[in-house]
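The next block holds one structure in the form of structure tokens; read it before the comments.
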Amino acid sequence: DKKTLYDANGTPVWIMKKKMMSLYHTQHIYFADGNTLLFDISTKSMMSVQSHLQATVSNTLVGNKIRVTLEGTWRGYDACVYLGDVDKGGQPVARVSRRAYNVTQTNGDSQAYHVEVAAGVD
């Protein structure tokens, strides 16, 4: 399973590939070339309907691990991304949202999202 993230101009930013046959849900994030690994995201839950998701991101370029938390609703159209655990004072770094229906979603497998990144985080 492969997904591509595009910027507002339609330029590929990164490619996400799902690891098959794993006990944990793992996504490998590559630069737009599709060959250079940027980082991995692994979660212990296979459920995609959670409103609270925690993932540990392993940065393969510098070798450290970062806890990322996402809070939102699976039926809703927005979520907030935090560095660290929300319960322990995690810092909000982004808001992800999408309209309930937009023209790009009529393509079947395509979904368009809007990502607002906090100042100084990107």
Side-chain angles (χ1 to χ4, degrees):
D1 190 20
K2 177 178 139 180
K3 297 178 183 175
T4 303
L5 175 73
Y6 298 93
D7 67 13
N9 298 318
T11 305
V13 176
W14 70 49
I15 295 173
M16 181 184 300
K17 297 179 184 177
K18 184 177 180 181
K19 184 175 182 179
M20 304 306 281
M21 303 297 289
S22 174
L23 293 175
Y24 301 108
H25 184 71
T26 301
Q27 298 280 345
H28 302 287
I29 311 302
Y30 295 86
F31 283 108
D33 66 10
N35 297 316
T36 307
L37 184 65
L38 181 58
F39 58 88
D40 294 325
I41 299 175
S42 297
T43 62
K44 292 184 179 180
S45 172
M46 299 295 279
M47 301 288 290
S48 61
V49 295
Q50 292 183 347
S51 60
H52 180 84
L53 169 75
Q54 289 188 331
T56 300
V57 178
S58 298
N59 185 328
T60 59
L61 297 178
V62 294
N64 64 343
K65 293 183 179 185
I66 301 167
R67 172 67 59 127
V68 178
T69 304
L70 179 126
E71 287 206 345
T73 59
W74 70 274
R75 290 189 123 183
Y77 299 103
D78 66 336
C80 192
V81 180
Y82 299 86
L83 282 182
D85 295 317
V86 177
D87 301 342
K88 298 177 182 174
Q91 173 189 0
V93 294
R95 176 166 293 285
V96 181
S97 61
R98 70 183 175 112
R99 293 190 182 127
Y101 178 83
N102 64 43
V103 176
T104 62
Q105 292 178 352
T106 60
N107 170 330
D109 194 31
S110 179
Q111 295 182 9
Y113 291 87
H114 174 78
V115 180
E116 249 181 284
V117 179
V121 174
D122 60 341

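Keep in mind the model is a prediction, meaning the values are calculated, not measured.
A donor-acceptor distance shorter than 3.5 angstrom exists from the side chain of D33 to the backbone of N35, with no hydrogens or angles considered. A donor-acceptor pair under 3.5 Å is formed between the side chain of T69 and the backbone N or O of G84. Under a 3.5 Å cut-off, the side chain of N9 and the backbone N or O of T11 do not form any donor-acceptor pair.
To the nearest 0.5 Å, atoms CZ (R95) and CD (E116) are separated by 7.5 Å. Interatomic distance, Y30 OH to L37 CG, rounded to the nearest 0.5 Å: 5.0 Å. Interatomic distance, I15 CD1 to K2 NZ, rounded to the nearest 0.5 Å: 4.5 Å.
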Give the C-alpha distance, both sets of side-chain angles, the deciding distance and a yes or no for side-chain contact (heavy atoms from CB on, under 4.5 Å) between L5 and M16. CA-CA 8 Å; L5 175 73; M16 181 184 300; over 6 Å; no

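No chain of hydrophobic side-chain contacts below 4.5 Å, direct or via other Ile, Leu, Val, Met, Phe, Trp or Tyr residues, connects Y6 to W14.
Of all heavy-atom pairs between A118 and P92, the closest is CB-O, 4.0 Å.
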